[in-house]
Amino acid sequence: MPPTLPERLFPFLAWPRQWSPASVRGDVVAGITVALVMLPQALAYAQLASLPPYIGLYAALLPAVVGALFGSCGQLSTGPVALTALLSGASLLPLARPDTPEFIALAALLALLAGLIQLALGALRLGWLLNLLSHPVLMGFINAAALIICLSQLPPLLGLAMPRSAHFLADLAAAFGGAARPHLLSALFGGGALLALIALRRIAPALPGVLLVSVAATALSAALGFAAAGGRVVGEIPAGLPTLALPALDLHAVVALLPAAFVIALVSFMEVTSSARLISARTRQRWDHNQELIGQGLAKLSAALCGALPVSASFSRSALNHASGARSGLSAVVSAAVILLALLYLTPLLHHLPIPVLAAVILLAVANLLDFGALKRAWRASRDDGLAALLTFVATLAFAPNIQNGILTGLLLSLALMLYRGMNPRIALLGLHPDGTYRDLERFALAHPHPNLVILRFDSPLTFVTAATFEEGMLRAARAQDEVRVVLVSAAGINAIDASGLHALGGVLERLHAQSCRLAFCGLKKQVIDVLQRDGLWARLGEAASYRTEQQAVDALLKTLPDGQST
């Protein structure tokens with residue numbers, strides 16, 4: 001049953017139609033399961049963004065509910081995620097010092113701007129604009145960003161101090177260089193947590209390994225006096241709920257953050273799209289990318305209202321949500337309720353949670369994003385795609401921590417490659433193949449149909465992008481044989497023509513006429529013919545533009561040649 005108009009505006013109104021005793025039970029179980037994973041992840045991802053850990057809990061509360069209420073895919077788990085957290089922290093570091101009120105305020109402002117961008121794109125039905133970022137470029141960026149995240153967590157995992165500057169690789173080298181020595185107890189906590197997480201994932205994947213390891217590490221940290229021994233812990237987390245207020249709008253800060261906000265809106269929605277497509281393919285439930293843009297935009301706005309960092313839908317938590325039995329957004333409401341209880345009653349227990357353990361949580365979660373095979377596959381598919389992926393990967397590493405510049409480089413590269421490919425469409429001269437079709441004569445070693453006739457196939461719209469290439473190809477076709485009297489264009493691949501294409505076509509017609517050579521077409525499509533008729537060029541072409549197939553055109557055109565027959 002298609003959704004009604006109220007359900008399209010407010011998707012949560014459709015939830016009751018999906019409920020049954022079994023599905024509600026699945027939503028409740030899935031919501032609790034996801035919350036147990038989200039709780040330590042929220043603390044870790046806030047730390048990744050150079051924000052106080054409790055900001056991550058704020059981002060896991062109201063935004064998770066709003067994203068579910070107004071999104072179109074009920075199994076998505078909205079909240080803090082690694083990639084968006086890294087982008088947020090990298091965007092804010094040049095503008096303010098971490099652990100200051102200004103830094104937190106800028107994070108909320110960034111969430112507001114990214115949310116407004118997504119909300120506007122969704123409301124205006126412009127979700128297709130996000131497809132401008134090619135998959136190879138996206139994979140190059142994600143691999144580089146995941147590698148940066150993993151490398152950035154090595155110092156806290158080992159208890160090393162890492163400076164923060166405009167050059168990530170130099171900071172990383174400084175953390176491990178000189179007289180730096182790992183803090184033994186921190187390294188034991190971090191390494192032990194990482195090994196325990198890997199073991200639990202392999203031995204008992206159904207258990208909430210992240211929560212179990214975090215609880216055990218917190219208890220051990222308190223018992224051993226980890227903080228007193230020089231180890232870093234989460235520390236005091238304010239109990240209670242966040243104060244709701246819109247961030248202050250400073251014009252200079254808005255201008256400085258707009259590029260980063262656009263990148264976050266773009267990249268975070270790519271992660272949302274990946275999750276929603278995978279889940280909808282399994283559930284056979286419809287999802288709408290414009291509605292999801294609205295839902296994610298509103299979730300980011302609610303994050304700004306809570307004073308939190310930008311949020312997105314987590315691929316891993318969404319997959320866990322679906323696998324645990326979630327069937328509607330009710331699971332997200334249950335998850336938020338569990339986080340709420342933690343904020344109200346459990347914050348004192350999180351004081352001794354070691355930072356190296358949070359680093360281990362991030363490492364294990366982000367390692368799944370590394371897929372260097374995607375770069376190889378892009379290279380095998382196309383050298384252009386492979387080059388775009390590689391350059392984006394290198395640019396993201398080189399610009400780190402300002403990795404938003406890497407994705408912007410990739411985006412510009414994607415558009416440039418798209419334009420380059422569009423300007424160089426495939427043009428082929430055709431000959432009669434033994435199977436009775438007209439095919440690329442160079443590829444199949446075929447002869448021209450006649451010494452006085454050449455067939456050219458143009459596989460592209462005839463627009464301002466391709467007009468010059470079409471004109472050059474036509475003139476080369478006229479010189480392909482010594483006595484060419486007819487150039488026949490196999491035009492089935494010409495799906496559109498614009499004013500520049502008409503101008504180029506008119507110029508070709510005049511030049512061929514000056515050389516006593518005719519121009520003919522076969523396979524022209526209606527939308528092209530309509531434009532030719534409106535322009536008046538159709539009348540100049542005459543019957544020679546009305547042929548439907550190459551063979552029909554050849555048979556008719558050869559009768560107009562001096563010998564009247566083919567050779």
Have [X] and [Y] got a donor and an acceptor in their side chains that come within less than 3.5 Å?
{"X": "Gln18", "Y": "Ser328", "answer": "no"}
{"X": "Lys300", "Y": "Ser268", "answer": "yes"}
{"X": "Gln41", "Y": "Arg317", "answer": "yes"}

Worksheet item: Hey, is NE2 on His167 packed in by over 12 heavy atoms from elsewhere, all under 6.0 Å?
Response: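 For His167, atom NE2 is not crowded (no more than 12 foreign heavy atoms under 6.0 Å).
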
Over all heavy atoms of both residues, which pair between [X] and [Y] is shortest? Give the atoms and the distance, please.
{"X": "Leu86", "Y": "Ile403", "result": "CD2-CD1, 3.6 Å"}
{"X": "Ala146", "Y": "Leu369", "result": "CB-CB, 3.8 Å"}
{"X": "Cys306", "Y": "Pro242", "result": "O-CB, 3.6 Å"}
{"X": "Leu126", "Y": "Asn290", "result": "N-OD1, 3.5 Å"}
{"X": "Ala44", "Y": "Val361", "result": "CB-CG1, 4.4 Å"}
{"X": "Ile264", "Y": "Ala114", "result": "CG2-CB, 4.1 Å"}

[atom1]-[atom2] distance between [X] and [Y], expressed to the nearest 0.5 angstrom:
{"X": "His289", "Y": "Ser72", "atom1": "NE2", "atom2": "OG", "result": "10.0 Å"}
{"X": "Leu194", "Y": "Gln153", "atom1": "CG", "atom2": "CD", "result": "11.5 Å"}
{"X": "Leu266", "Y": "Leu408", "atom1": "CG", "atom2": "CG", "result": "8.5 Å"}
{"X": "Phe103", "Y": "Leu309", "atom1": "CZ", "atom2": "CG", "result": "10.0 Å"}
{"X": "Ile104", "Y": "Asp99", "atom1": "CD1", "atom2": "CG", "result": "8.0 Å"}
{"X": "Cys73", "Y": "Leu76", "atom1": "SG", "atom2": "CG", "result": "4.0 Å"}

Answer whether the closest heavy-atom distance between the side chains of [X] and [Y] falls below 4.5 Å.
{"X": "Ile355", "Y": "Phe189", "value": "no"}
{"X": "Leu93", "Y": "Ser50", "value": "yes"}
{"X": "Leu220", "Y": "Phe226", "value": "no"}
{"X": "Val81", "Y": "Phe315", "value": "no"}
{"X": "Thr218", "Y": "Leu350", "value": "no"}
{"X": "Phe176", "Y": "Pro155", "value": "yes"}
{"X": "Leu39", "Y": "Leu57", "value": "yes"}
{"X": "Leu390", "Y": "Leu375", "value": "no"}

Item to complete: Under the side-chain hydrogen bond (donor to acceptor under 3.5 Å, both in side chains) rule, collect the residues that match up with Ser221, sequence neighbours excluded.
Response: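 Testing Ser221 for side-chain hydrogen bond (donor to acceptor under 3.5 Å, both in side chains), a comparison that skips the adjacent residues, returns none.
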
Fill in: Pair Phe12 + Phe70: ring centers closer than 6.0 Å
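Yes, ring centres under 6.0 Å apart.
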
Discussion item. Using the rule given for side-chain contact (heavy atoms from CB on, under 4.5 Å), can you reason through Ser312 versus Val272, listing the C-alpha separation, both sets of side-chain angles and the distance that settles it, and then say yes or no?
Written reply: CA-CA 7 Å; Ser312 184; Val272 172; 3.6 Å; yes

Item to complete: Just jot down the side-chain contact (heavy atoms from CB on, under 4.5 Å) partners of Asn368, sequence neighbours excluded, or say none.
Response: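 In terms of side-chain contact (heavy atoms from CB on, under 4.5 Å), with neighbours along the sequence ignored, Asn368 is linked to Arg201.
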
Worksheet entry | side-chain contact (heavy atoms from CB on, under 4.5 Å) between Ser186 and Arg232, intermediate numbers included | CA-CA 8 Å; Ser186 296; Arg232 293 178 59 210; over 6 Å; no

Worksheet item: Angle class for the Trp19/Trp15 ring planes (parallel below 30°, perpendicular above 60°, tilted otherwise)?
Response: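 The rings of Trp19 and Trp15 sit tilted, inter-plane angle from 30° to 60°.
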
Fill in: Residue of the set Ile407, Ile148, Leu147, Asn402 for which side-chain contact (heavy atoms from CB on, under 4.5 Å) holds with Thr396
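The option that passes is Ile148.
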
Worksheet item: Is Asp385 salt-bridged to Arg380, going by a charged N under 4.0 Å from an acidic O?
Response: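 No, this pair does not count.
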
Worksheet item: Would you call Asp371 and Lys376 a salt bridge, taking side-chain N to carboxylate O under 4.0 Å as the test?
Response: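 Looking at Lys376 together with Asp371, the answer is no, because their closest N to O distance does not fall below 4.0 Å.
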
Worksheet entry | Under 3.5 Å: donor-acceptor pair, side chain of Asp27, backbone of Arg327 |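 Yes, Asp27 side chain to Arg327 backbone: donor-acceptor pair under 3.5 Å.
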
Practice prompt. Verify, without hydrogens or angle tests, whether Ser324 (side chain) and Ala30 (backbone) share a donor-acceptor contact under 3.5 angstrom.
Written response: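 No; judged by distance alone, with no hydrogens or angles, the pair does not exist.
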
Fill in: Chi angles and distances behind the side-chain contact (heavy atoms from CB on, under 4.5 Å) call for Leu241, Leu340
CA-CA 8 Å; Leu241 302 179; Leu340 175 62; 2.9 Å; yes

Discussion item. If you apply the rule side-chain contact (heavy atoms from CB on, under 4.5 Å), what do you find for Phe269 with Glu292, and how did you get there?
Written reply: CA-CA 9 Å; Phe269 193 69; Glu292 206 58 59; 3.9 Å; yes

Worksheet item: So which of Ser331, Ser316, Ser77 actually passes side-chain hydrogen bond (donor to acceptor under 3.5 Å, both in side chains) with Asn321?
Response: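 It is Ser331, the one option of Ser331, Ser316, Ser77 that forms the side-chain hydrogen bond (donor to acceptor under 3.5 Å, both in side chains) with Asn321.
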
